[in-house]
There are 2 protein chains.
Amino acid sequence: MVKNDKVVTRRVIKEKSSASFSPLYKQIKDLLLQSLESGEFKAGLMIPSEQELAARFQVSQGTVRKAIDELSTENVLIRRQGKGTFVATHHEPQVRYRFLRLSTDTYHADEKRAQSIVLSCTQQTPTEEQRQLFELKPEQFVICIKRVMHLSNQPTVYEEIYVPEPSFQHLTLELLNTEKLPLYSLFESYFGVQLIRCDEKLRAVKAPLDVARMLNVEEGYPLLSVNRIAYTYGDKAMEIRNGLYLTEHYYYRNSLN
Amino acid sequence: MVKNDKVVTRRVIKEKSSASFSPLYKQIKDLLLQSLESGEFKAGLMIPSEQELAARFQVSQGTVRKAIDELSTENVLIRRQGKGTFVATHHEPQVRYRFLRLSTDTYHADEKRAQSIVLSCTQQTPTEEQRQLFELKPEQFVICIKRVMHLSNQPTVYEEIYVPEPSFQHLTLELLNTEKLPLYSLFESYFGVQLIRCDEKLRAVKAPLDVARMLNVEEGYPLLSVNRIAYTYGDKAMEIRNGLYLTEHYYYRNSLN
DNA sequence: TAGTGGTCTAGACCACGTT
DNA sequence: ACGTGGTCTAGACCACTAG
């Protein structure tokens with residue numbers, strides 16, 4: 001079985017009654033996140049067993065367990081009874097398109113029905129907002145991808161995607177056209193960037209003329225505007241995505257509690 | 001301290017290795033949900049302590065704890081260290097409007113800035129979809145509420161709300177106009193109906209003429225259509241709400257992971 | 001059969017809020 | 001000082017997967 005198992009000894013602070021007290025399992029969680037961030041634990045592979053981690057960190061299995069529990073509910077790690085605990089990856093069919101919430105009443109916009117056409121991939125000077133979010137230095141750039149996504153052979157989504165150039169060197173139109181992977185899978189494989197969480201802002205807007213033409217609707221037709229900021233480990237923003245969704249046959253589904 | 005503390009002894013099945021095995025803590029969770037559904041545990045009040053429940057159900061505190069953990073992450077119960085565990089209520093400011101996801105970049109659409117004007121409250125024959133969702137008998141009705149909600153003194157949301165009449169007898173326009181409570185607080189106080197979860201379907205649509213006038217926009221202006229089904233304990237649908245949001249100054253925010 | 005995560009226990013002690 | 005939830009431990013056993 002392929003797995004992550006480099007042995008590193010770390011020290012855990014067991015002090016109590018300090019000023020700002022952090023429970024042990026939170027410290028373990030942070031250590032695990034560091035291992036993910038540093039690349040010690042690689043996407044798709046198994047991390048050391050709970051017993052092993054308990055021994056490494058000198059805590060009980062229950063404490064490791066609670067740390068993994070949280071990372072598991074955050075979809076950062078995936079537990080598989082009888083097999084082990086694995087680093088979540090965008091390659092698996094179940095999590096592909098997990099951030100695309102377009103559905104019909106009968107099916108989800110999944111891999112089989114989704115097909116994307118990249119229109120352009122250019123290097124640009126970032127806006128002030130982009131520079132701050134990506135923590136870019138004055139002379140650094142962003143890469144902008146424009147594309148149209150077809151669902152059930154209907155043009156349904158137009159997107160403008162921005163990523164920080166320093167983390168995505170050699171991201172080109174050729175690569176995007178060669179690798180017919182979902183974008184987040186490609187980010188993972190080629191750039192080692194794992195997007196694990198995102199915030200979205202939704203509005204209803206009038207279709208601008210150029211987008212209207214691409215989606216086969218008249219100018220001014222209502223589209224769902226989805227502005228997304230996607231984050232990797234450590235709450236670092238790694239992608240800004242402005243999408244316009246045609247919601248005639250699909251809707252954006254959401255569950256609240 | 002006011003609390004829920006009627007003593008009821010229940011028997012817990014501790015069998016293992018059965019056909020479809022359900023862990024003890026899941027059984028405890030179901031028992032707690034039954035107590036909530038039956039009204040034994042009342043909204044806003046404290047439930048028995050973990051120790052008490054452990055004794056009642058003849059299991060360890062850890063097992064009760066895990067059951068409460070799940071109900072707590074589902075926002076059904078709320079833990080307060082040093083005080084106790086409480087039944088979530090829509091009366092508290094923190095959870096008021098917790099299902100209304102309209103924000104600006106600076107603030108959330110909270111109580112202080114929200115004001116709703118009820119236009120009508122009528123009894124209607126349900127549609128086939130409504131009849132099925134609410135499990136209504138042929139001769140039973142739904143109540144339909146139409147209202148406009150103002151945010152920051154601007155008409156922003158138009159809603160048509162449907163609830164099953166048998167569970168909401170004597171819900172009248174007078175009551176809605178008298179009690180200036182958020183709707184879900186009113187449902188809780190007057191009808192003992194706790195809405196704890198909902199599913200939403202979002203689309204961008206053209207404003208119909210009548211709604212356009214109410215929201216001070218021209219006919220056909222893009223609005224965010226939000227179709228919600230809200231559920232109480234036991235996944236029973238208790239409300240259908242079709243909203244049209246003007247997203248000029250506010251947006252619908254969402255977090256995915 | 002061995003190894004993994006999943007459940008359950010009993011007990012100790014800590015942090016927090018109230019009395 | 002007391003009662004609540006919160007953390008941590010050590011150990012036992014169960015359920016699932018794979019060789």
Side-chain angles (χ1 to χ4, degrees), chain A residues 1-5 12-32 41 45-73 75-88, chain B residues 1-5 12-32 41 45-73 75-88:
Chain A
M1 167 71 49
V2 194
K3 59 179 281 206
N4 290 299
D5 66 345
V12 171
I13 304 148
K14 284 208 193 183
E15 41 142 317
K16 296 250 180 148
S17 74
S18 71
S20 65
F21 149 72
S22 170
L24 255 182
Y25 75 89
K26 287 278 185 198
Q27 299 179 42
I28 305 293
K29 185 182 171 185
D30 285 342
L31 291 173
L32 293 175
F41 297 165
L45 301 191
M46 189 166 86
I47 70 169
S49 74
E50 296 178 353
Q51 291 289 359
E52 253 177 279
L53 291 169
R56 178 193 296 190
F57 297 134
Q58 311 257 47
V59 299
S60 77
Q61 190 198 347
T63 301
V64 171
R65 198 169 169 71
K66 181 141 188 176
I68 294 180
D69 273 347
E70 293 205 349
L71 292 169
S72 178
T73 60
N75 292 316
V76 170
L77 297 179
I78 297 174
R79 295 172 173 292
R80 295 205 187 108
Q81 185 173 90
K83 300 171 85 171
T85 301
F86 298 78
V87 180
Chain B
M1 167 71 52
V2 194
K3 58 178 283 206
N4 289 301
D5 66 347
V12 171
I13 303 149
K14 282 207 190 184
E15 40 143 315
K16 296 252 181 150
S17 73
S18 71
S20 65
F21 149 73
S22 170
L24 255 182
Y25 75 88
K26 286 280 185 198
Q27 300 179 40
I28 305 295
K29 185 182 170 186
D30 286 342
L31 291 174
L32 293 175
F41 297 166
L45 301 190
M46 190 167 86
I47 69 169
S49 75
E50 296 177 354
Q51 292 289 359
E52 254 176 279
L53 292 170
R56 176 193 299 192
F57 298 133
Q58 310 257 47
V59 298
S60 77
Q61 190 196 348
T63 301
V64 171
R65 200 170 167 68
K66 182 141 188 179
I68 295 180
D69 274 345
E70 294 205 349
L71 292 169
S72 178
T73 60
N75 292 316
V76 170
L77 296 178
I78 297 173
R79 317 179 90 120
R80 294 204 188 109
Q81 186 173 98
K83 300 174 83 173
T85 301
F86 298 77
V87 181

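To find a chain, count down the sequence lines: A is the first, B the second, and so on, and within it residues start at 1.
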Hey, which sits more toward the 5' end of DNA chain D by its nearest nucleotide, A:Gln61 or B:Gln51? B:Gln51
Checking B:Gln27 side chain against B:Ser22 main chain: does a donor-acceptor pair fall under 3.5 Å? yes
Does C:dG5 have OP1 or OP2 under 4.0 Å away from a side-chain N or O of A:Thr85? yes
From D:dA15, D:dT9, D:dG5, nucleotide with atom closest to A:Leu24 side chain: D:dT9
Would you classify B:Arg65 as touching base, sugar-phosphate or nothing, given that sugar-phosphate means primed atoms plus P, OP1 and OP2, and contacts are heavy atoms under 4.0 Å? base
D:dG5 OP1/OP2 closer than 4.0 Å to side-chain N/O of B:Lys83: no
Nearest-nucleotide pick for A:Tyr25, side chain only, options being D:dT9, D:dT4, D:dC8: D:dC8
Ranking C:dA15, D:dA15, D:dC8 by distance to the side chain of B:Gln81, first place goes to C:dA15
Could you check whether A:Arg79 makes a cation-pi contact with A:Phe86, meaning its NZ or CZ is under 6.0 Å from the centre of the six-membered ring and within 45° of the ring axis? no
Nearest to the side chain of A:Ser60, heavy atoms from C-beta on, is which of D:dT9, D:dG5, C:dC8? D:dT9
The side chain of B:Glu50 is closest to which nucleotide in this list: D:dA15, D:dG6, D:dC8? D:dG6
Among C:dC8, C:dG5, C:dT7, the nucleotide that comes nearest once only the side chain of B:Thr63 is considered: C:dC8
Within less than 4.0 Å of OP1 or OP2 of C:dG6, is there a side-chain N or O belonging to A:Arg79? yes
What's the separation between atom CG in B:Leu31 and atom OH in B:Tyr25, rounded to the nearest 0.5 Å? 14.5 Å
Side chain of A:Ser49: nearest nucleotide among D:dT7, C:dC8, C:dT4? C:dT4
Would you compute the distance between atom CG of A:Leu71 and atom OG1 of A:Thr85 and round it to the nearest 0.5 angstrom? 10.0 Å
